[in-house]
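Only one structure is covered here, and it is reproduced in the block below.
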Amino acid sequence: MKILLVDDEVELVSAMAERLSFRSVDADWTDNGETALKMAAETDYAVAVLDMKMPKMGGLELQESLAAEHPDMKFIFLSGHGSESDFKAGCAAGCNYLIKPVQIESLMDKIQEALA
Amino acid sequence: MTQTPADTRQGLQFFGRISASVSHEIKNVFAVINEAAGLIEDFTLMAERGMPIDPERLKKAANSIQGQIRRGDGIVKNMNAFAHSTDEDVREIDLVDTLSLTVALTTRLADMKQVSLSMGECPPVSLRANAFDLMQLLHSFIAAALENLTAGDSLVMSVKPLEGGASFSLSVPGKDAPVVLETMLSFPSQAICANMELNESAGTCELRLSASQP
């Protein structure tokens with residue numbers, strides 16, 4: 001089982017991937033949506049963890065593109081905003097939603113929930 | 001100049017947009033610090049179980065925290081300066097400082113459009129004006145220019161003295177002057193005496209402030 005992490009904050013997403021690896025979760029990461037789509041075309045990811053606000057391609061748009069190509073992929077949104085509109089959009093997409101900063105245990109729980 | 005309820009509402013919306021952008025940046029700073037601190041904790045837990053710690057990894061995590069604290073300090077410093085722009089209705093304003101602060105507060109908006117925003121050559125210039133209104137106008141000016149730019153463009157902002165007043169200019173090196181329509185400036189234009197001109201020979205779009213501000 002592999003996880004894809006996408007966030008334009010490189011220090012955040014790389015540390016998160018490393019911490020997940022310590023918990024036996026194999027996570028790849030990238031800082032943009034275009035690369036995420038290419039990575040997902042080559043690797044079978046069970047869950048994608050997406051930042052809501054990213055340059056060029058935001059989390060919602062990326063989720064739609066990934067879901068169209070990979071119908072079984074599950075999604076978790078991360079946001080620094082915590083805005084009501086973001087929350088509603090994330091919920092409307094049927095996804096889990098976490099507000100930054102995220103406790104690694106909460107992320108682990110959401111990953112397990114998404115896979116259940 | 002009397003402020004109408006619509007002007008006040010527009011001012012509040014501008015304050016809200018900047019505050020939301022700043023709070024988002026601070027959230028990201030906290031999130032990176034949280035992960036770096038979490039990594040250090042993970043290394044410590046693994047060391048307790050007998051795994052050796054790589055000093056370089058610890059150093060990298062500590063450097064990340066220190067770097068984010070510097071980043072956060074800069075963001076909060078800018079937010080504080082922005083908040084103090086409402087202290088007085090009119091005062092003598094250092095226009096280079098004001099432009100620099102507006103650029104800093106608008107950089108996230110430019111980043112989201114993948115446009116680099118920077119300051120060009122700016123000789124010293126000051127003017128008596130309302131600092132908050134001026135920042136709102138400059139932010140609208142930059143935001144309107146960003147609408148017409150594409151990913152990878154560089155937007156350079158400058159200011160210089162002009163006939164007792166000042167001229168703020170936008171340019172995109174390697175491209176024609178960015179077109180900014182008056183209608184795209186979501187700002188009560190009466191609040192500051194300004195007019196906009198396209199200077200094709202200089203390759204700039206200019207926002208000119210007259211010497212006598214209301």
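Order of the sequence lines sets the chain letters (A, B, ...), proteins ahead of strands, with each chain counted from 1.
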Legend entry - No-hydrogen, no-angle side-chain donor-acceptor test under 3.5 Å, B:Asp153 and B:Thr150: yes
Legend entry - Residues of residues 12-31 of chain A within contact distance of chain B, non-hydrogen under 4.5 Å: A:Leu12, A:Ala15, A:Met16, A:Glu18, A:Arg19, A:Phe22, A:Arg23
Legend entry - B:Phe30, CZ: over 12 other non-hydrogen atoms inside 6.0 angstrom: no
Inset, instruction - Look at the side chain of A:Ser106 and the backbone N and O of A:Val102, then say whether any donor-acceptor pair between them is shorter than 3.5 Å. - result: no
Legend entry - Residue pair B:Asn199 / B:Ser201, side-chain donor-acceptor N/O under 3.5 Å: yes
Legend entry - Crowding at CD, A:Glu34 (>12 non-hydrogen neighbours, <6.0 Å): no
Inset, instruction - Assert yes or no for the condition that the ring centre distance of A:His70 to A:Tyr45 is strictly below 6.0 Å. - result: no
Legend entry - Reported CG-to-NZ distance for the pair B:Asp111 and A:Lys53, which is rounded to 0.5 angstrom: 14.5 Å
Legend entry - chain A-proximal positions within residues 52-75 of chain B [heavy-atom distance under 4.5 Å]: B:Arg57, B:Ser64, B:Gln68, B:Arg71
Inset, instruction - Quick one: pull up CE in A:Met39 and CG in A:Leu66 and give me the separation to the nearest 0.5 Å. - result: 11.0 Å
Inset, instruction - Please confirm whether the backbone N or O of A:Asn32 pairs with a side-chain atom of A:Thr35, one donor and one acceptor, at under 3.5 Å? - result: no
Inset, instruction - Starting from the C-alpha separation in whole Å, work towards a yes-or-no answer on side-chain contact (heavy atoms from CB on, under 4.5 Å) for B:Val103 and B:Ile142. - result: CA-CA 8 Å; B:Val103 163; B:Ile142 298 169; 4.3 Å; yes
Legend entry - Most chain B-contacting option - heavy-atom pairs closer than 4.5 Å, from A:Lys100, A:Gln103, A:Met54: A:Lys100
